[in-house]
Asks: 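One structure, as structure tokens, below. Some questions next.
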Amino acid sequence: MPAKKTILHLFLVITSLLTVMPFIWMISASLMADGHASVYPPRFIPDTFTTVQYESLFSRLSVAQNLFNSIFVSLLVTGVSLIFNSMAGYAFAKYRFRGKNKLFNLLLSSMIIPSQVTMLPLFLMLKYMGLINTYMAILIPGMANIFGIFLIRQYALSIPDSLIESARIDGAGDFQIYSRIILPLAKPVLVTLTIFTFMGTWNDFLWPLIALTDSSMYTLPVALSSLMREHSKDPELMMAGSVITIIPVLAVFLALQKHYIKGIMSGSIKG
Amino acid sequence: MAPEQVRSRKYTVDKKKHEAKEKAGSRDLHSKAPFSVKIPAAYLFLAPAMLAIAVFFFIPVAAAFIISFTDFDIYALSSFSNLRFIALKNYLRIFNDPLFYRALKNTFYFVIGAGPLSIAVSLGAAMLLNSPMVRLKGLFRLFYFIPVVTTLVAVAVVWRFIYHPRFGILNYLLGFLSVNPIDWLGDPDWAMPAIILMAVWKNFGYNMIIFIAGLQNIPEYLYEAAVLEGAGWWHRFKSITLPMLAPTTIFVGIITMIGYFQLFAEPYVMTQGGPLNRTLSIVQYMYEEGFRWWNMGYSAALAFVLFFIIFAAALLQLRFQKDVE
């Protein structure tokens, strides 16, 4: 049935276009001069392409600092949490110790608690520690997370014990086994978790909004939202800000999308 | 939202496996348990993560619970001597607070409006992309998925302009269908539908991936048998696809609902909760009370009310799952 096939593909093409249209429009409007996006009927392609919005963002509004903040905290949180989570996940998978089940079940059941519950006390704690408005304020709640521990534990369970035993016979210590055997073998799950954590930290909004009070410390989403309040009459500038906020995280995703998709699927497919 | 979404499912599955493993482990305690004596190492590996979670998650949860029974405000922030224990007063106030009921109503409107809609769209997209007739599946999947990975604040900025009453693309396109311009975000009756539409666009790709995984798990012979018996498309969908997908759908339903109850950034960026508080969500109300007016006791109580709502709704869905099975 070639007709049916054509209609199906036509439908897919149209809906895909509708899905990505906001992005196309975002990029296009970001390349327009002031006032050119606010015309009727809407223009989809700029009359003349200009990078004036980007120049203005980087010179006048110090978006470079916000971009750096976003990159820095996302990498920092990803790096630290990857180490902490993989160590704990390995321990839960391959060691036997008292209270293991109870501890693990406690962790799992606490995943239902929404993060908003912890925000007030966390803010107060960091305030009294003098850490509000520092990179540490973003790192601290992200250092370890239960989902990451869980994901790594699941993967580590599939690594055969015999590998660890033979390493032990060869005289490897606990930390050597972790770093030389477990980590290299767990690379796929580590990549998945890296994307999840990086993107989660990059896209996070509520906590940075609370924990960062100075505009030079803002991450991109927070900077963009405050920009919005001051420059809401300047859509071209806002679009340029949105493009800058989206491009890095989109690049990371496109480069590693297979692992990310696999991560989502593996989270749901069993059972 | 992504990590949370994957979490909850594995929990139930894993618990069983985990217990089985433990039983097996204790049985051959004397024959082969090479790591059972290495207790100190296990604790060393656990220490950093467990310490971080205990200090920066469990203690704050307990603290929030205590704070919700106090009148913690800007004066208490400067000196704890101004802090008073007021028992259930915050909770009683919540139940007499018209603004809370407004936020509650809005949040439910969003969850009930956007939840089923985004699940339906996800399932539809997944089935389309699972059809053997479709070529370039990966490419289409990618297009549908891009909104999921992009920063919500950035896309909310764009959608705010798509919804612009005068220059927005949406009204322009609707003009071709001779629909009069709508002030999407300025009209109290249209603001929440507008936010729902954007949220569905932003999120459907995630559930689509999970549904694709679920669809691929349905054995092909079921469909072949149905075709042999002369079952039409609708019949196959109703009698094979839907029942076989029931566990996936419940899972998707729960994670979507938990995520949607935490609605915040969309209205915060697009409408600031307006017009006439018609898009004010529970989380935004919590944020405003806590971090704008520094009524932290009240804000903590709001957080716990949100938690109980989410908890109850998740239990309800799990109950429903049992009935289905």
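Note on naming: letters A, B, ... go to the chains in the order of the sequence lines (proteins, then strands), and numbering restarts at 1 for each one.
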Asks: Does any part of the side chain of B:I310, heavy atoms only, come nearer than 4.5 Å to the side chain of A:P114, both counted from C-beta?
Replies: yes

Asks: Could you look at B:L129 and say if it's the side chain, the backbone, both or neither that has a heavy atom under 4.5 Å from chain A?
Replies: side chain

Asks: Pick one of side chain, backbone, both or neither for B:Y172, based on which atoms fall under 4.5 Å of a heavy atom in chain A.
Replies: both

Asks: If you apply the rule side chain to side chain contact (heavy atoms under 4.5 Å, CB included), what do you find for B:F264 with A:L209, and how did you get there?
Replies: CA-CA 12 Å; B:F264 174 73; A:L209 179 71; 3.9 Å; yes

Asks: Less than 4.5 Å to any heavy atom of chain B: does that hold for the side chain of A:L18, its backbone, both, or neither?
Replies: backbone

Asks: Among B:A156, B:A52, B:P147, single out the residue with the greatest number of heavy-atom pairs under 4.5 Å to chain A.
Replies: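 Among the listed options, the one with the most contacts to chain A is B:P147.
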
Asks: Measure A:L8 against the heavy atoms of chain B and call it side chain, backbone, both or neither at under 4.5 Å.
Replies: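 For A:L8, the contact with chain B is made by the side chain alone.
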
Asks: Using non-hydrogen atoms and a 4.5 Å limit, figure out which bit of B:V283 sits close to chain A: side chain, backbone, both or neither.
Replies: side chain

Asks: Which region of B:A314, side chain (C-beta onward) or backbone (N, CA, C, O), has a non-hydrogen atom less than 4.5 Å from a non-hydrogen atom of chain A, or is it both or neither?
Replies: side chain

Asks: Please evaluate residues B:L46 and A:M87 with respect to the criterion side chain to side chain contact (heavy atoms under 4.5 Å, CB included), reporting the C-alpha separation (whole Å), side-chain torsions for both, the decisive distance (0.1 Å), and the verdict.
Replies: CA-CA 6 Å; B:L46 283 172; A:M87 283 167 63; over 6 Å; no

Asks: Most heavy-atom pairs under 4.5 angstrom with chain A, which of B:A49, B:A300, B:G168?
Replies: B:A49

Asks: Please tell me if the side chains of B:Q262 and A:L206 come closer than 4.5 Å, counting only heavy atoms from C-beta onward.
Replies: no

Asks: What class does the angle between the rings of A:F175 and B:F45 fall in, given that below 30° is parallel, 30 to 60° is tilted and above 60° is perpendicular?
Replies: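 The rings of A:F175 and B:F45 lie parallel, inter-plane angle below 30°.
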
Asks: Examine whether an atom of B:I169 lies under 4.5 Å from a heavy atom of chain A, and if so say whether it belongs to the side chain, the backbone or both; otherwise answer neither.
Replies: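 It is both, since atoms from each part get that close.
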
Asks: Mind ranking A:S86, A:P41, A:A29 by heavy-atom pairs under 4.5 Å with chain B and telling me who comes out on top?
Replies: A:P41

Asks: Pair A:L17, B:F143 - check side chain to side chain contact (heavy atoms under 4.5 Å, CB included), show working.
Replies: CA-CA 8 Å; A:L17 271 178; B:F143 282 142; over 6 Å; no

Asks: Would you name the heavy atoms of B:A63 and A:P121 that are closest together and state the gap between them?
Replies: CB-CB, 3.7 Å

Asks: Shortest non-hydrogen contact from A:V117 to B:F307?
Replies: CG2-CB, 4.1 Å

Asks: Any donor-acceptor pair under 3.5 Å linking the side chain of A:H9 with the backbone of B:V134?
Replies: no

Asks: B:F56 and A:W207: aromatic ring centres closer than 6.0 Å?
Replies: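 Ring centres of A:W207 and B:F56 not closer than 6.0 Å.
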
Asks: Side chains of B:Y43 and A:R98, heavy atoms from C-beta outward: is any pair under 4.5 Å?
Replies: yes

Asks: How close do B:V157 and A:M239 get, counting heavy atoms only, and between which atoms?
Replies: O-CE, 4.3 Å

Asks: Can you list the residues that meet the salt bridge (charged side-chain N to carboxylate O under 4.0 Å, His left out) rule with B:R166, with sequence neighbours excluded?
Replies: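 Applying salt bridge (charged side-chain N to carboxylate O under 4.0 Å, His left out) to B:R166 gives none.
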
Asks: Testing the basics here: between A:A144 and B:I53, what is the closest heavy-atom pair and its distance to 0.1 Å?
Replies: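 Nearest pair, atom of A:A144 first, then B:I53: CB-CG1, 4.0 Å.
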
Asks: Would you check if B:T150 and A:T245 make a side-chain contact, meaning some heavy-atom pair closer than 4.5 Å?
Replies: no

Asks: Restricting to non-hydrogen atoms, name the atom on B:M50 and the atom on A:I149 that form the minimum distance, rounded to 0.1 Å.
Replies: CE-CD1, 3.8 Å

Asks: Rounded to the nearest 0.5 Å, what's the gap from OG on A:S225 to CG on B:L152? Could you check?
Replies: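 With rounding to 0.5 Å, OG (A:S225) is 11.5 Å from CG (B:L152).
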
Asks: For A:L124, is it the side chain, the backbone, both, or neither that has a heavy atom closer than 4.5 Å to a heavy atom of chain B?
Replies: side chain

Asks: Would you check if the distance from the ring center of A:F205 to the ring center of B:Y268 is below 6.0 Å?
Replies: yes

Asks: Quick check: do B:F167 and A:P235 have side-chain heavy atoms less than 4.5 Å from each other?
Replies: no

Asks: Non-hydrogen atoms of chain A under 4.5 Å away: do they reach the side chain of B:L142, the backbone, both or neither?
Replies: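 For B:L142, side-chain heavy atoms alone lie under 4.5 Å from chain A.
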
Asks: What distance separates B:L170 CG from A:M21 CE, expressed to the nearest 0.5 Å?
Replies: 8.0 Å

Asks: Mind ranking A:A91, A:G89, A:A88 by heavy-atom pairs under 4.5 Å with chain B and telling me who comes out on top?
Replies: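 Among A:A91, A:G89, A:A88, the one with the most close pairs to chain B is A:A88.
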
Asks: What option among A:M199, A:M228, A:M143 has the most heavy-atom pairs under 4.5 Å with chain B?
Replies: A:M228

Asks: So, does A:N203 use its side chain to make a donor-acceptor pair with the main chain of B:V149 at under 3.5 Å?
Replies: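 Here the side-chain-to-backbone pair exists.
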
Asks: Which pair of non-hydrogen atoms, one from A:L120 and one from B:M296, has the smallest distance, and what is that distance?
Replies: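 Reported closest heavy-atom pair: CD2-CE, 3.0 Å.
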
Asks: So which residue, A:R229, A:M119, A:K127, ends up with the most heavy-atom pairs under 4.5 Å with chain B?
Replies: A:R229

Asks: Just so I understand: if I count every heavy-atom pair under 4.5 Å between each of A:N85, A:L107, A:I83 and chain B, which residue has the most?
Replies: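 Highest number of heavy-atom pairs under 4.5 Å: A:L107.
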
Asks: Go through the atoms of B:R135 and report whether side chain, backbone, both or neither lie under 4.5 Å from a heavy atom of chain A.
Replies: both

Asks: Which value, rounded to the nearest 0.5 Å, describes the distance between B:F57 atom CZ and A:N145 atom CG?
Replies: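 Going from CZ on B:F57 over to CG on A:N145, the span is 10.5 Å.
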
Asks: Check side-chain hydrogen bond (donor to acceptor under 3.5 Å, both in side chains) between A:Y218 and all other residues, then give those that pass, not counting sequence neighbours.
Replies: none

Asks: Look up atom OH in B:Y144 and atom OG1 in A:T19, then write down how far apart they are to the nearest 0.5 Å.
Replies: 6.0 Å

Asks: Counting only non-hydrogen atoms closer than 4.5 Å, does B:S68 touch chain A with its backbone (N, CA, C, O), its side chain (CB onward), both, or neither?
Replies: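 Looking at B:S68, nothing touches chain A.
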
Asks: In terms of heavy-atom proximity below 4.5 Å to chain B, should A:L193 be classed as side chain, backbone, both, or neither?
Replies: neither

Asks: Can you tell me how far the CD1 atom of A:I261 sits from the CD1 atom of B:I212, to the nearest 0.5 Å?
Replies: 8.0 Å

Asks: Check whether B:F72 gets within reach of chain A through its side chain, its backbone, both or neither, counting any heavy atom under 4.5 Å.
Replies: side chain

Asks: Quick one: of A:L250, A:I210, A:L106, A:V249, who has the most non-hydrogen atom pairs under 4.5 Å with chain B?
Replies: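 Ranked by heavy-atom pairs under 4.5 Å with chain B, first place is A:I210.
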
Asks: Counting only non-hydrogen atoms closer than 4.5 Å, does A:T15 touch chain B with its backbone (N, CA, C, O), its side chain (CB onward), both, or neither?
Replies: both

Asks: Quick check on the 6.0 Å ring-centre criterion: do B:F145 and A:Y260 meet it?
Replies: yes

Asks: Contact part of A:V13 toward chain B, heavy-atom cut-off under 4.5 Å: side chain, backbone, both or neither?
Replies: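 Both backbone and side chain of A:V13 come within 4.5 Å of chain B.
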
Asks: Using side-chain heavy atoms (C-beta onward) and a distance below 4.5 Å, is A:I112 in contact with B:I258?
Replies: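 Yes, at least one pair of side-chain atoms sits under 4.5 Å.
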
Asks: Got B:F58 and A:T118 here, is their nearest side-chain heavy-atom distance under 4.5 Å?
Replies: no

Asks: Does any heavy atom of chain B fall under 4.5 Å from the side chain of A:Q116, the backbone, both, or neither of them?
Replies: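 It is both, since atoms from each part get that close.
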
Asks: Enter the distance from A:M238:CE to B:R160:CZ here, rounded to the nearest 0.5 Å.
Replies: 8.0 Å

Asks: Under a 4.5 Å heavy-atom cutoff, which of B:L51, B:N171, B:V269, B:L77 has the most pairs with chain A?
Replies: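 Greatest number of close heavy-atom pairs with chain A: B:L77.
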
Asks: Contact between B:V148 and A:F253 at the side-chain level, heavy atoms closer than 4.5 Å - yes or no?
Replies: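 Heavy-atom side-chain distance check fails, nothing below 4.5 Å.
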
Asks: Relative to chain A, which segment of B:V55 carries a heavy atom at a distance below 4.5 Å: side chain, backbone, both, or neither?
Replies: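 For B:V55, heavy atoms of backbone and side chain both lie under 4.5 Å from chain A.
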
